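Notes to accompany the following structure.
Count residues from 1 along the sequence. Order of listing sets the numbers, starting from 1, for every ligand and every atom in it. Predicted model only: the values in this text are computed from it and were never measured.
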Amino acid sequence: MVDASPTLPAPALDQLRRSFHGDVITPADGSYDDARRLWNALHDRRPAAIVRPRDPSEVATAICFGRDHDLEITVRSGGHSLAGLTGRAGGLVVDLSAMRGVEVDPERRTARANGGALLGELDVAAQAHGLVCPVGVVGHTGVAGLTLGGGVGRLQRQFGLTIDNLAAVELVTADGRLVRTSETEEPDLFWGMRGAGWNFGIATAFELRLHPFGPDLHRGILVFPATEIQAAWDVFRDYAPHAPDAVSLIFGIDRAGPDAGYPDELIGRPIAYIAYNHSGAAGSVERDTAGLHVGPKPAMSVIGSRPYLDVQTAHDLAFDWGHRSFIAGFNADDVRPEALGELVEVVAGAPGAGTFSITALGGAIGRAAEEGTAYAGRAAVFDLSADAAWSDAALDDANRDWVRRAMAVVEPDATVGRYANEISDVGPEETRLIYGDAKLARLAALKRTWDADNVFHVNHNVAPAAAWVTRAPAG
Ligand SMILES: Cc1cc2nc3c(=O)[nH]c(=O)nc-3n(C[C@H](O)[C@H](O)[C@H](O)COP(=O)(O)OP(=O)(O)OC[C@H]3O[C@@H](n4cnc5c(N)ncnc54)[C@H](O)[C@@H]3O)c2cc1C
């Protein structure tokens, strides 16, 4: 949907430009259309202004300006919000793309990522010292948005979520203060930053713990015709809950496209696959992954080692800016066998590129204390998600409906917790399902302390009013 064209009074803009050295971009500027573009082309936002602060003090200036002029403030780092949360019609975008950069301290095994840094910068800077931080799987995603929600990827079963490797965050709060938070500095706020962090301010720097790793990552994909889905799933389901931490794995249902090297007989048909990464010692790969090779003979398999940095950028083009995208997901401990056949039918009939994924959680993710962070659902065995990508705007509703239909098939399997970063629907009920009632009440109390006016509300929003007040009273 295209937002209406907004304007800001010239004197207000002049005042901002006098106190701000970074870019101030309005609809009158030639760069406006490029600057307002989001990764997800489903969302076409026309903000009144986009500002690009160069340091935390300019972030504070931007927040004050937005508040003084009653503008809805949105924050943008990598611009990859699947829900299109990085722009509002007539609002103010605080775009941190002029605050990129990552510095690594190899002695302390830490990285300092600026608020606008991208995952690829962190990967490259850490690998230069034989180190790694577990992040996501596409290099142009923002460190900020990913980390503030949790951070899931190829190494998390071994090293924990990105938030489990977060040592400190610096943020500018709604009243323009620069605050540092860690286990020992404003520890309550640090709890909330790890899973619901967009709610409390604009993060200007992240300190992350790194681990020795690399340079190679062993990986494999086993592809089966959908007719073998039950046997392939039995293998995955038996293996995943007891998998060694070094193995991350996904069970996927997809349609075989013409460009991915699938055998001719699979092209255009639904397939099931098991994809895995092994991040441990090369000598233990065979032993650790043997349990994945005990099922039906795959129609196609690709197995081998590649430099980790190549793997981390291998999907950057396929997931380039400009797709229309919609996604939903929730946690589960199992999937009922009868759901599999239905999922195959749903995937076969997807109006765009539609994928259903079952990601194994557990390992270091599951061993971290549930109460230690705002992220909810540590005990879950699987994350289930349906993901649609397409390019024709006429198919927007059909693709949204498709994602909801796919998730409805597995709704009876849902357990507590949803990963905020993989949810395109936004609203109070979604927020409640992400965190659960108890965590939401604790987050609401934090919100009253740090952002009582709900300045930062364009996100999976925790309303400052207590959870039981924001929901309709029963009876
Ligand atoms: C191609 C692609 C691949 C992905 N892969 C993964 C993956 O492997 N693992 C995973 O866990 N997730 C993944 N995601 C989801 C991703 O984590 C979220 O979309 C995330 O919000 C993106 O962060 P961003 O900074 O790029 O987004 P933005 O759109 O810039 O921001 C997203 C949200 O974070 C807030 N925000 C951004 N920066 C700040 C800041 N500095 N301070 C406070 N709030 C801020 C924004 O207000 C917004 O609500 C992927 C998404 C895409 C599009």
Side-chain angles (χ1 to χ4, degrees), residues 37-43 45 53 56 59 62-63 72-88 91-97 99-100 113-120 123 134-156 161-163 169-174 192-193 195-206 248 250 277 311-313 315-327 329 357 359 361 365 375 383 385 387 389 419-424 426 431 451 455-462:
R37 209 159 70 93
L38 306 183
W39 178 88
N40 188 352
L42 186 57
H43 305 284
R45 312 282 197 212
V59 171
I63 293 172
E72 269 191 299
I73 295 175
T74 61
V75 190
R76 167 172 169 165
S77 286
H80 279 45
S81 165
L82 291 157
L85 292 168
T86 354
R88 268 290 195 267
L92 178 73
V93 179
V94 183
D95 172 358
L96 300 190
S97 58
M99 292 175 63
R100 297 234 155 100
N114 288 324
L118 304 182
L119 300 189
D123 281 337
V135 290
V137 302
V138 173
H140 42 73
T141 312
V143 170
L146 176 128
T147 304
L148 297 172
V152 179
R154 300 186 166 101
L155 306 177
Q156 274 70 351
L161 297 172
T162 311
I163 48 170
V169 184
E170 290 167 11
L171 68 155
V172 179
T173 55
M193 293 303 287
W198 330 273
N199 278 283
F200 305 108
I202 300 185
T204 54
F206 297 83
S248 67
I250 294 181
N277 298 286
V311 175
Q312 284 292 92
T313 51
H315 299 300
D316 282 13
L317 257 186
F319 288 96
D320 207 357
W321 286 58
H323 294 283
R324 307 176 91 78
S325 167
F326 195 80
I327 186 168
S357 306
T359 303
L361 300 172
I365 302 169
Y375 173 94
D383 170 282
S385 65
D387 185 347
Y419 179 35
N421 276 341
E422 69 175 11
I423 299 188
S424 293
V426 179
T431 304
D451 183 19
V455 170
F456 303 111
H457 64 271
V458 187
N459 45 42
H460 286 292
N461 190 232
V462 174

Original post:
With distance as the sole test, does Ser248 use its side chain to make a donor-acceptor pair with the main-chain N or O of Arg154 at under 3.5 Å?
Top reply: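 Here the side-chain-to-backbone pair exists.
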
Subject >> Main-chain N/O of Trp198 paired to Asn459 side chain as donor or acceptor, under 3.5 Å >> reply: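 Yes; judged by distance alone, with no hydrogens or angles, the pair exists.
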
Subject >> Asp95 and Ser97 side chains, donor-acceptor separation under 3.5 Å >> reply: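 Side-chain D/A pair, Ser97 to Asp95: present.
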
Original post:
Who's touching ligand 1 if we go heavy atoms under 4.0 Å?
Top reply: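 Ligand 1 is contacted, at a heavy-atom distance under 4.0 Å, by Trp39, Val75, Arg76, Ser77, Gly78, Gly79, His80, Ser81, Leu82, Leu85, Thr86, Leu96, Gly115, Gly136, Val137, Val138, Thr141, Gly142, Ala144, Gly145, Leu146, Leu148, Gly151, Val152, Trp198, Gly201, Ile202, Ala203, Phe319, Tyr419, Asn421, Val458, Asn459.
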
**OP:** Apply side-chain contact (heavy atoms from CB on, under 4.5 Å) to Leu85 and Arg76, showing your working.
**Re:** CA-CA 8 Å; Leu85 292 168; Arg76 167 172 169 165; over 6 Å; no

**OP:** Please tell me if the side chains of Ile63 and Ile202 come closer than 4.5 Å, counting only heavy atoms from C-beta onward.
**Re:**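 Yes, close enough: below the 4.5 Å cut-off.
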
Subject >> Aromatic plane relationship, Trp321 with His80 - under 30° parallel, 30 to 60° tilted, over 60° perpendicular >> reply: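 Because their plane-to-plane angle is over 60°, the rings of His80 and Trp321 count as perpendicular.
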
